[in-house]
Asks: 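This is the structure I want to talk about, given as structure tokens.
Heavy-atom basis, side chains included; hydrogens, waters and symmetry copies ignored. Computed from a predicted model, the values in this text were never measured in an experiment.
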Amino acid sequence: MNIALMAHDNKKELMVQFCTAYAGILARHQLYATNTTGHMIADSTGLDVHCFLTYAHGGSQQIGARISYNEFDLVLFFNDPANEERAEDISYISRLCDQNRVPFASNIATAEMLVLGLARGDLDWRLIVNPSTSRPLA
């Protein structure tokens with residue numbers, strides 16, 4: 001499955017720790033991230049992460065476009081609720097996920113439930129709804 005990983009600046013280290021803890025599960029899927037987050041994850045965990053542009057250069061819009069085309073099966077976006085200037089990002093991505101029936105987590109607790117569900121096969125319905133996402137994005 002195709003998984004998007006995003007994190008606000010002061011949540012990036014938490015995302016790295018999360019990916020380290022669940023590397024065994026995540027390694028069985030295609031991972032995509034905004035540039036800085038993706039490189040931090042890849043460097044720390046050894047996971048293969050395709051990196052889009054940085055946030056400042058439109059990385060969240062690139063991921064948003066892929067969500068709109070239903071090319072992601074799961075989106076993990078660790079949100080910093082204290083960061084008011086980035087509140088639109090989380091709203092934008094969350095709304096796109098809701099519109100396209102893409103499971104979405106904005107915090108570590110929900111992300112853990114989704115990743116454990118992924119390991120159990122609870123998200124296999126995505127392969128029926130959208131069989132094209134069983135292949136890596138071009």
Side-chain angles (χ1 to χ4, degrees):
M1 291 198 180
N2 297 321
I3 302 171
L5 305 168
M6 304 169 75
H8 285 147
D9 287 344
N10 69 343
K11 297 292 183 171
K12 290 185 189 312
E13 187 56 40
L14 181 62
M15 178 63 82
V16 169
Q17 292 170 5
F18 177 85
C19 291
T20 300
Y22 292 104
I25 296 169
L26 295 172
R28 291 178 259 161
H29 302 279
Q30 292 76 44
L31 305 177
Y32 301 85
T34 50
N35 196 299
T36 305
T37 303
H39 285 313
M40 287 177 70
I41 293 166
D43 292 346
S44 296
T45 65
L47 290 168
D48 184 25
V49 182
H50 171 82
C51 294
F52 290 107
L53 297 173
T54 61
Y55 165 81
H57 292 109
S60 61
Q61 285 82 10
Q62 286 180 301
I63 289 176
R66 301 281 179 140
I67 295 167
S68 293
Y69 285 106
N70 210 15
E71 294 178 353
F72 283 121
D73 298 296
L74 178 62
V75 177
L76 308 178
F77 188 157
F78 286 5
N79 177 41
D80 174 11
N83 189 340
E84 293 292 325
E85 67 185 53
R86 300 279 194 243
E88 285 184 30
D89 300 338
I90 196 82
S91 178
Y92 165 70
I93 297 296
S94 172
R95 206 170 40 252
L96 288 172
C97 287
D98 287 346
Q99 290 170 349
N100 292 284
R101 298 175 312 279
V102 175
F104 172 78
S106 62
N107 61 65
I108 193 166
T110 308
E112 184 174 33
M113 296 304 294
L114 287 175
V115 168
L116 292 173
L118 180 67
R120 283 191 311 266
D122 295 350
L123 300 179
D124 287 353
W125 62 270
R126 291 284 306 160
L127 301 175
I128 296 166
V129 171
N130 193 16
S132 66
T133 61
S134 62
R135 297 183 308 273
L137 300 176

Asks: Testing the basics here: between Tyr92 and Ala65, what is the closest heavy-atom pair and its distance to 0.1 Å?
Replies: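 Residues Tyr92 and Ala65, closest heavy atoms: OH-N, 4.2 Å.
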Asks: Hey, what do you get for CD1 (Ile90) to NE2 (His8), rounding to the nearest 0.5 Å?
Replies: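 So the gap between those two atoms works out to 5.5 Å.
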Asks: Tell me whether Tyr55 is reachable from Ile93 by hopping between hydrophobic residues (I, L, V, M, F, W, Y) whose side-chain heavy atoms are closer than 4.5 Å.
Replies: no
Asks: Indicate every side-chain donor-acceptor pair of residues 37-51 with a distance under 3.5 Å to a residue at least two apart or in another chain.
Replies:
{"from": "Thr37", "atom 1": "OG1", "to": "Lys12", "atom 2": "NZ", "distance (Å)": "2.8"}
{"from": "His39", "atom 1": "NE2", "to": "Asn35", "atom 2": "OD1", "distance (Å)": "3.3"}
{"from": "Ser44", "atom 1": "OG", "to": "Met40", "atom 2": "O", "distance (Å)": "3.1"}
{"from": "Thr45", "atom 1": "OG1", "to": "Ile41", "atom 2": "O", "distance (Å)": "2.6"}
{"from": "Thr45", "atom 1": "OG1", "to": "Leu47", "atom 2": "N", "distance (Å)": "3.1"}

Asks: So how far is it from Gln62 CD to Thr54 OG1, rounded to the nearest 0.5 Å?
Replies: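 Here the interatomic distance stands at 9.0 Å.
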Asks: Closest heavy-atom contact between Ile63 and Ala4?
Replies: CG2-CB, 4.0 Å
Asks: Mind checking the CG-CD1 spacing from Asp98 to Ile67? Nearest 0.5 Å is all I need.
Replies: 10.5 Å
Asks: Using the rule given for side chain to side chain contact (heavy atoms under 4.5 Å, CB included), can you reason through Arg66 versus Phe52, listing the C-alpha separation, both sets of side-chain angles and the distance that settles it, and then say yes or no?
Replies: CA-CA 11 Å; Arg66 301 281 179 140; Phe52 290 107; 4.2 Å; yes
Asks: Given the rule that I, L, V, M, F, W and Y join up when any side-chain heavy atoms are under 4.5 Å apart, are Leu76 and Leu14 in one cluster?
Replies: yes
Asks: Quick check: is Leu114 connected to Leu116 through a chain of hydrophobic side chains (ILVMFWY, heavy atoms under 4.5 Å apart)?
Replies: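 As far as the 4.5 Å side-chain criterion goes, Leu114 and Leu116 are connected within one cluster.
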Asks: Using a 3.5 Å distance criterion without hydrogens, assess whether the side chain of Asn79 forms a donor-acceptor pair with backbone atoms of Ser106.
Replies: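 Pair absent, no side-chain N/O of Asn79 close to backbone of Ser106.
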Asks: Could you grab the distance from atom CD1 of Ile25 to atom SG of Cys19, nearest 0.5 Å is fine?
Replies: 11.0 Å
Asks: Could you give the distance from CG (Leu118) to CG (Asp73), rounded to the nearest 0.5 Å?
Replies: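 Going from CG on Leu118 over to CG on Asp73, the span is 8.5 Å.
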Asks: Counting C-beta onward and ignoring hydrogens, is there a side-chain heavy-atom pair between Leu74 and Met1 closer than 4.5 Å?
Replies: no
Asks: What about Ile3 and Ile108, same hydrophobic cluster or not, with Ile/Leu/Val/Met/Phe/Trp/Tyr joined at side-chain heavy-atom distances under 4.5 Å?
Replies: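 Yes: a chain of side-chain contacts under 4.5 Å links Ile3 to Ile108.
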Asks: Is there a donor-acceptor pair under 3.5 Å between the side chain of Arg126 and the backbone N or O of Phe72?
Replies: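 Indeed, once roles are kept as given, a pair shorter than 3.5 Å links the two residues.
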Asks: Nearest 0.5 angstrom please: Phe77 CZ to Leu5 CG, how far?
Replies: 11.5 Å
Asks: Which atom pair, heavy atoms only, marks the closest approach of Ser60 to Thr34?
Replies: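 Nearest pair, atom of Ser60 first, then Thr34: N-CG2, 4.0 Å.
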Asks: Keeping to residues at least two apart or across chains, list the side-chain hydrogen bond (donor to acceptor under 3.5 Å, both in side chains) pairs with something in residues 109-121.
Replies: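 Listed once each, the pairs are Tyr22-Glu112, Asn107-Thr110, Arg120-Asp122.
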Asks: My understanding is that only residues two or more places apart in sequence, or in another chain, count here; which of them pass ring pair (Phe, Tyr, Trp, His ring centres under 6.0 Å) with Phe78?
Replies: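 For Phe78 the ring pair (Phe, Tyr, Trp, His ring centres under 6.0 Å) partners, ignoring immediate neighbours, are Phe18.
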